[in-house]
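Take a look at the structure set out below.
Naming: A, B, ... by sequence-line order, numbering from 1 per chain. Since the structure is predicted, the reported quantities are computational estimates derived from the model, not experimental observations.
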Amino acid sequence: MPELPEVEALRRRVEEGALNRTIERVDLGNDTSHIDLPGPDDRGRLEGTQFTEARRHGKYLFAGSKSGPWLALHMGMAGSVRVYDAADGNPDYARLIVAFEGERRLAFRDPRKFGWAKVVETPEDEIAAHDLGPDALDLDRDTFISRLSGGRGAVKSALLDQSRIAGIGNLWADETLYQTGIAPDVKLPELADGQIADLHRAAIRILRTVCDTDATYSELPDAWLIHRRETGRACSRCDGKIESKKVGGRTSYYCPDHQGGGG
DNA sequence: GACAATGTTCGCAG
DNA sequence: GCTGCGAACATTGT
């Protein structure tokens, strides 16, 4: 469940249960074919060290300490992290298992094998290697506007572009557009500065709200699009009905009645 | 069996 | 060289 708020929830799990414990071993889990995972040498580098910090940038998660090295994780489409005790047994689809001294374990799970794990020197190096823009939650209004401006494509594609802004994915891009009243396929040049400012306000509010629930969708307001991502459902903001279309290769749910400009 | 899935990356066309 | 698409990646669930 891996957009910014979902990864932030995972970061907190790591922070709460896996810091300041000496790493005894790092092992591969089950069925690790076709997944990019650290080799024996890199896994060995983590042994004897402790994670003293868990960081997140966009959808990327990092655990490590000032002196490094760091474990970098990307969840792909369905990855997650679990902190547990050895007696509980390893979770399903565990691909990499960090065993701390004592019983505590941290597993990187990835059922659909689109994620990866690697050992890196610093989070900054990895952020630069992927050409990530600033984290969405760190953006002030003017920076958001400048990073989202420029280009000719659809506004939704720009929101999803991790090199512009890191962290927004398909679900929360749709939610932001729905709550701002802008159709996903409106082209950037058609947007007024005021509309981009509206997107900023909505995106920050939405991402913070989802983070506050630890990405528990059932706790989010009933009126949100997240609860009605299905064609034909009633719009919560007007008399329209939800429709879907592909924008930027991704299925996009929106209300053609109150989201104007191209839907 | 067909299709879609919350993401990233690659190749190609413009 | 840059930008914008579409397809591909591997697997699960409906």
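- Across the P atoms, B:dT6 and C:dG4 are found 22 Å apart, a figure rounded to whole Å.
- Residues from residues 108-134 of chain A with heavy atoms under 4.0 angstrom of DNA chain B, sorted by number: A:Arg112, A:Phe114, A:His130.
- Crowding of A:Arg141 atom CZ: a count of heavy atoms from other residues, nucleotides or ligands under 6.0 Å not exceeding 12.
- In the model, A:Tyr254 has no side-chain atom that pairs as donor or acceptor with a side-chain atom of A:Ser244 under 3.5 Å.
- Atom C1' of nucleotide C:dC5 and atom CG of A:Leu188 are separated by 15 Å, given to the nearest angstrom.
- A:Tyr84 belongs to a hydrophobic cluster with A:Ile97, counting contacts under 4.5 Å between side-chain heavy atoms of Ile, Leu, Val, Met, Phe, Trp and Tyr, direct or through other members.
- DNA chain B is contacted by no residue of residues 149-158 of chain A, taking any non-hydrogen atom closer than 4.0 Å.
- In this structure, CG of A:Asp36 is placed 14 Å from C1' of C:dA10, rounded to the nearest angstrom.
- Sequence neighbours left out, the pairs with a member in residues 165-177 of chain A that pass side-chain hydrogen bond (donor to acceptor under 3.5 Å, both in side chains) are A:Glu6-A:Trp172, A:Lys156-A:Asn170, A:Lys156-A:Asp174, A:Asp174-A:Arg229, A:Glu175-A:Gln179.
- Shown for residues 218-233 of chain A: no residue has heavy atoms falling under 4.0 angstrom of DNA chain C.
- Residues passing the ring-ring contact (aromatic ring centres under 6.0 Å, His included) test with A:His57: none are found, sequence neighbours excluded.
- Legend: residues meeting side-chain contact (heavy atoms from CB on, under 4.5 Å) with A:Asp140, ordered by chain and number and at least two apart, are A:Asp142, A:Thr143.
- Residues meeting the salt bridge (Lys or Arg N to Asp or Glu O under 4.0 Å) test with A:Glu126, sequence neighbours left out: A:Lys118.
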**OP:** Determine which bases of DNA chain C form Watson-Crick or G-U wobble pairs with both distances under 3.5 Å, and write the result as a 5' to 3' dot-bracket string with | for other-strand partners.
**Re:** .||||||||.||||
Give every donor-acceptor pair under 3.5 Å between a side-chain atom in residues 196-204 of chain A and any protein atom, sequence neighbours left out.
residue  : atom : partner  : partner atom : Å
A:Asp198 : OD1  : A:Arg201 : NH1          : 3.3
A:His200 : NE2  : A:Leu139 : O            : 2.9

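- Candidate nucleotides B:dT8, B:dT6, C:dT11 were compared by shortest atom distance to the side chain of A:Tyr60, and B:dT8 ranks first.
- Remark: C1' of C:dA10 and NE2 of A:His74 are 16 Å apart, rounded to the nearest angstrom.
- A:Arg164 places a side-chain N or O within 3.5 Å of a backbone atom of A:Leu148 that can act as its donor or acceptor partner.
- Taking side-chain N and O atoms only, A:Lys59 has a distance below 4.0 Å to OP1 or OP2 of B:dT8.
- One atom, CG of A:Asp214, and another, C1' of B:dT6, lie 17 Å apart when rounded to the nearest Å.
- As rounded to whole Å, 14 Å separates atom P of B:dT9 from atom CZ of A:Arg250.
- Spacing between atom CD1 of A:Ile35 and atom P of B:dT9 amounts to 16 Å, rounded to whole angstrom units.
- Between the NE2 atom of A:His34 and the P atom of C:dT11 there is a distance of 6 Å, given to the nearest Å.
- Pairs passing the side-chain hydrogen bond (donor to acceptor under 3.5 Å, both in side chains) check and including a residue from residues 94-108 of chain A, sequence neighbours excluded, read A:Asp85-A:Arg104.
- Ring to ring, A:Tyr217 and A:His227 are not that close: their centroids are 6.0 angstrom or more apart.
- Atom CE in A:Met75 sits roughly 12 Å away from atom P in B:dT8 (whole-Å rounding).
- Taking the six-membered ring where tryptophan is involved, the planes of A:His74 and A:Tyr60 are perpendicular, since the angle between them exceeds 60° and thus also 30°.
- Put simply, the side chain of A:Gln259 gets close to the backbone of A:Cys255: a donor and an acceptor are under 3.5 Å apart.
- Judged as a salt bridge (Lys or Arg N to Asp or Glu O under 4.0 Å), and not counting sequence neighbours, the contacts of A:Asp31 are A:Lys113.
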